[in-house]
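Note sheet for the following structure.
Hydrogens, waters and symmetry mates play no part in the numbers below; they use all other heavy atoms, side chains included. Since we're looking at a predicted model, the values are computed, not measured. Below, chain A is the first sequence line, B the second, and so on; all start at residue 1.
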Amino acid sequence: MFRHRLLLRQLRKHLGPAAPVPPELTALLSQVDEAYEQFDGDRRLYEHAMQLGSAELMAANERLERQNEHNLAVLDKLRASVRALRRDEGSAAPADDNLLELTGVLDDLIRQRQAAEAALHAAKDAAEAANQAKSDFLANMSHEIRTPMNAIIGMSSLLLDLPLTAEQRECIDTIRGSGDALLDIINDILDFSKIESGKLDLEAHAFEVRLCVEQVLDLFATRAAEKGIELGLYCDASVPDMIVSDNTRLRQVLVNLVGNAVKFTEHGGITVSVSSEPVGEGCRLRFVVEDSGIGIPADRFDRLFKSFSQVDSSTTRRYGGTGLGLAISWKLVELMGGTIDVASEVGRGTSFSFVINVPTALSEKPVSPAPVMVDLRTCHALVVDDNSVNRRILERQLANWGIAVTCVADGPAALAQFSRGPAFELILLDFNMPGMDGLAVAAALRGQTERKTPPIILLTSRGGLDKSVGAYVAAQMTKPVKPRELYSTILQVLNLNHSAPVEPAKLVSLFDRDFARRHPLRVLVAEDNAVNRKVVLLMLERLGYRADSAANGLEALQSLARQPYDLVLMDMQMPVVDGLEATRRIRAIVSLELPPYILALTANARKEDYNACIDAGMHDFLSKPVRIDDLMIGLARGHAWIHSENREAVRIWPELVPGERSSG
Amino acid sequence: MKIEQRLFSPALGWQTRKGGLDGLAPQLVLLFGGRHLLENAQHMADVRKTYPKAHVVAASTAGEITDTEVTDDQLTTIAVAFEKTKVVCLATSVESASESFTAGRTLAQKLAGPGLVHVFVVSDGARVNGTELARGFNETLPPGVILTGGLAGDGSRFEKTLVGLDEAPVVGRIVAVAFYGSHLRTAFGSSGGWTPFGPERVVTRAEGNVLLSLDGQSALQLYKTYLGDHATQLPASALRFPLALTPADGSNTVVRTILSIDEKAESMTFAGDIPLGGRVRFMRASYEDLIDGAARAATQTQKLAAPQLVICISCVGRHIVLGQRTEEETEIVRETLGPGAVLTGFYSYGELAPADNATACQLHNQTMTITSLRED
C-alpha cells in the first residue's frame, strides 16, 4: 500500500508488525509516502546532476592543463630558437635572455598579424561600402528616372484621350511606347542588380499556372497578329490547377522568352507548351517556347545567358534590348531550382525550355473554375489551317481531350476530306488562309448537300468579323486560342454544356468618366513635384474626381485639419514633412480603422519601401509611374475599404474583439 | 475597489471564498482554471451569468491560486468592481509565433491613451513567443506605463493552452486588460531563486525559441543524460533544470524554461528566444531557494502599501519542484504582505514583468511574479 521504506518501518514501530493501518489515516499517510518518495527522488536527481557537472568541469580542467603544458613546451622551443638566432648573428648579448625579450618578439609577430587582419577588414569594409554605394546609386537613379517617366507616360496617356489627328496620335503613341520601353529597361537593370547582390527573394504563393501562361500570351497577341505570325498554347491535362511558386517571376521569365520569340520570328509562329509529371508531394513543370524564327548559331549558345550580351552586337542594333533579359531569366529559373535549355538551328527556329519543381497547392481553389470534363472520345474533328505550328498545337490539344483529329492545310483539301473521309462532329477553321479563306470554306461546306454540316468554330487573328459570319459558323474565337476557352466553346457548340462559356477578358477603355460616380471619394493628393501632381490630378479629373492637392506633408496635414478626406494619395519623398512622417502624425490622431485611407505613391519600387509604408500606417501602395488602371484599382480598393463593415479585417489584423467599460 | 473571490471544484461546485462587492457590479472578472474544465462551456456560462456586466478574462493554468491555497484542475475567479478606474479589455489572436511582435504592438497601439497607467496581459502559452510579445508592447506603450502578466498553462501536459475574453477560451488568444485613471496604484515584483551549476556551454544551433545543439552536441541528449531516470517524464522533468542564458550581445542573463521536445528532430522548444552564440548553464533550486525567491518578489511589491488585490503568477517549473510544498510560496507572500489583500493567480508557462527597476517588460521563466493593486 505504501512504498517508502522509512514510512513502512515507522508504521511497524508505532503500530506493531502486523497491525492494520487505521483507515482514517490512509489519506494522510499516502501523502506522507508521496512526499518521502519525492524528496528522495529529488535528492538522487540533484546528486546525479552535480556529479555529472563536476565530472564535466574536471574534464575541462584537464584539457586546460594539457593545453597549458603544450603552451609551455612551445614557449621553450621558441626560446631555444631565439637563442640560436642570436648566436648566428654573433650577437654580443648575454645568452641568458629573459622572457621579456621573447615576449617582445612574440608581440611583434602579433602586431604584424593584427595589422594584416586590419588591412583585410578595411578592404572588406571598402568592398561592402562600394557595393552599398552601387545599390544606392541604382535605387537613386531609378527614382530620378521614374519621376520624369511618370510625367511622360501619364501625360501621353492623357493626350491620347483627346481628339487628335492621325499624325498627332502616331507621335504620341510613339512617345508612350518609348516611355514603356524605357521603363522596361530600367526594371531589367534594377532586377539584374538585385540578383547580382543576392537581394532578390522569390515569394511562394498559390496561383493558377494556366492563367499565368495565358496572360503572357495575351500580352503578345496583338504584336503577333500585326506580324502575321501564329501564337499557340498547349497545356497538357497533367498540369495541376494550382501550384506554389512566384507568379510574378515565372511570368517575367515567360514574358522574356515569348517576347524574344516574337521579336526574332518573321514567318510561321510560336508555340508555348506546358506539361507536368508528379514528383513527391509536388510536380515537375516543363515549359517549352518554340519559334520558327532566325535561329541561333550553336557556337553562340554559351554567350546567350551572359549579361549584357546578345548573339552579336549587330543584333542589338537591329532588334534593340538591353541583352539582360535572358541573363535575368536564367538567374530566376536558377532561383526556382531549374535550368534553361536551348536548342536551335539557324534559319529554322529556336526552342527554349525550362523545368522547375514546385509543390502543388491542393487545398487552394482556382479562381477560374475548371470546366466540367465530358467524355469526347466519340468525337472526330477536322482541323483546317495553313500554318503547321497551329495545326500541331490544335491536334495535340484536341487529342489530349480524347478527340480524334484529322488535319488539312487548305480549303480544297478540307472539302475533299469532308465529302470522302469519315463523318466529322466538329470543324475548326482558320480564317486567314491563302486562296480560299475560312469564311469561303465555311460557305462552301454549308452549300453542299451530301452530308450534314457539323458545327464550325472559326479562328481569327484580329478580333470580331462582321455579324454575317454567324450564318456560317457556330462560334468564333480570337487567337491565341486558350485551351480552356476552346474546351468550353467545343462543349457549347456540341450542346454538351449547360453552363456559359468562359468569356474572354474584355478590354477596359482607358478612362472611365463614370468611375467617380460609382466610387465617390473625397480625395487629397500630396505630391511635391508640380508636374507629377498635375498628372495625378488630371488623371483623377478624367475619372470624374475633383481632388484637392498639397505640395508637401505639412500642407497635407493642414488640409486634413480643415476638412475630412476619404482617401489621400501620399508621395513618400517630399520636403518639409515627408509622406511617412505625415502618415505617422495622422495615425497618432486617427486610428488605422478610420479614414483617411492612405495610398502611398513612390518611385522606389523596393520591398523595404512597401514595408515602411505599411509600418507607418498606410493602407496600400502605388508604384510610379502611376498607370491609370493601377490608380483605378487603388481607388476602388479604397472605396471598398471606406464602405466595409469591418475595416480592420481589410488590412493586417485578422481578429479583434474590443470591449470597453467605464465607471466612476 | 470591491472584490469577490470564488472557487469551483468538481466535488463541491462553486463556493464564495470572500464576498464583498457591496452591491456593486464588477467590471472585470479574472478566471483561472484547469484546461479541461475551461473546455466545458457550462462553466464559462455560469461565470458570465454570475457577473453579467463584467468582462471575463479566462486562462488555462498549471495550478490555481486562491488565497494561499493552490489547487490543480479547479477554477478560481476574482470579480473586481473598480470605483474610480476605467478598465478596457482587448483581445487578439496569432496563427504562429512569428506574429507575436505585431500582436503586442497592435494591442499597445489600441490601448495607448490618456490616463493609461497599467496593462495586465494574459496570453496563450504554447504558440506565442513571449519575448517578442513583450518587445511589441515595449516599443509602443507610452513611457511610465507598466506591463505585467503571464502565459497560460496546461498542467504538466504541455499540450495546448487556452485564453479567452468573454468567450469560450481558445488557442492563440492574447488578452490585454488596460487600467486608466489617477486613482489606481500598482506595484510589481519578480524573483526566481535558481542557481547556475556545471560548465558553461555555447548555443551552436538554434532558431527562434527552438534549441538544437550546445557545444555542437544534441541539447536533448544532454538533458537526458542529466535527468537520468527522470528523462522518462520529459518535457515536464526538464523544468527542474532551466537554462541561465547570457546572449552573445552581452545583454542581461535571463532564465529560460522548456515548453516541449521533438524526439524526431532532437529539438527542444523554450518559452523564449535562445539566440545563437549565447552562453548557457543549467540551473537548479532547493525548496528553500524557491520560497526565498517568492518572499523576495513579495518584498519588492511593498513599495505599494496596503494593496487590495495581489495577483501571483508563478512558473509551472516551481510547482513541479515544490510538489506538496507549493503552498509555502503563497504562504510566504501572505506572510510578507499581511492579511489585508485578496490573493489570486495561477501557475504559468511564463511570466511578464519589467526586470528589477527597469520599466521595459520582459518575459521571465521560473519566477514568482506579483502584481499588486490599490485604488485610492
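- Heavy atoms of other residues, nucleotides or ligands lying less than 6.0 angstrom from CD of Gln51(A) number 12 at most.
- At a 4.5 Å heavy-atom cutoff, the contact between Gln31(A) and chain B is made by backbone and side-chain atoms alike.
- Judged by distance alone, the side chain of Gln366(B) and the main-chain N or O of Phe241(B) form no donor-acceptor pair under 3.5 Å.
- Neither the backbone nor the side chain of Phe282(B) comes within contact range of chain A; no heavy atoms are under 4.5 Å apart.
- The environment of CZ in Arg5(A) is sparse: at most 12 heavy-atom neighbours from other residues, nucleotides or ligands sit within 6.0 Å.
- Heavy-atom distances place no part of Leu24(B) under 4.5 Å from chain A, backbone and side chain included.
- Looking at Phe197(B), only its side chain comes within 4.5 Å of chain A, counting heavy atoms on both sides.
- Aromatic ring centroids of Phe82(B) and Phe179(B) lie under 6.0 Å apart.
- Only the side chain of Tyr287(B) comes within contact range of chain A, with heavy atoms under 4.5 Å apart.
- Contact annotation for Arg325(B): neither backbone nor side-chain heavy atoms come within less than 4.5 Å of a heavy atom of chain A.
- For Asp229(B), the CG atom sits in a loose shell: 12 or fewer heavy atoms of surrounding residues, nucleotides or ligands are nearer than 6.0 Å.
- Both the backbone and the side chain of Thr225(B) have a heavy atom closer than 4.5 Å to some heavy atom of chain A.
- Proximity to chain A (any heavy atom under 4.5 Å) is restricted, for Arg201(B), to the side chain, taken from C-beta onward.
- Interface remark: Ala60(A) contributes no atoms to any contact with chain B (heavy atom separation under 4.5 Å).
- There is no side-chain donor-acceptor pair under 3.5 Å between His183(B) and Thr85(B).
- Heavy atoms of Val175(B) lying under 4.5 Å from chain A are absent altogether.
- Proximity to chain A is absent for every atom of Ala176(B), based on heavy atoms less than 4.5 angstrom apart.
- Ile174(B) does not touch chain A: none of its heavy atoms, backbone or side chain, sits under 4.5 Å away.
- Ser30(A) and Asp33(A) share no donor-acceptor pair across their side chains, judged by distance under 3.5 Å alone.
- Closest approach of Trp194(B) and Pro242(B) over heavy atoms only: CZ3-CD, 3.4 Å.
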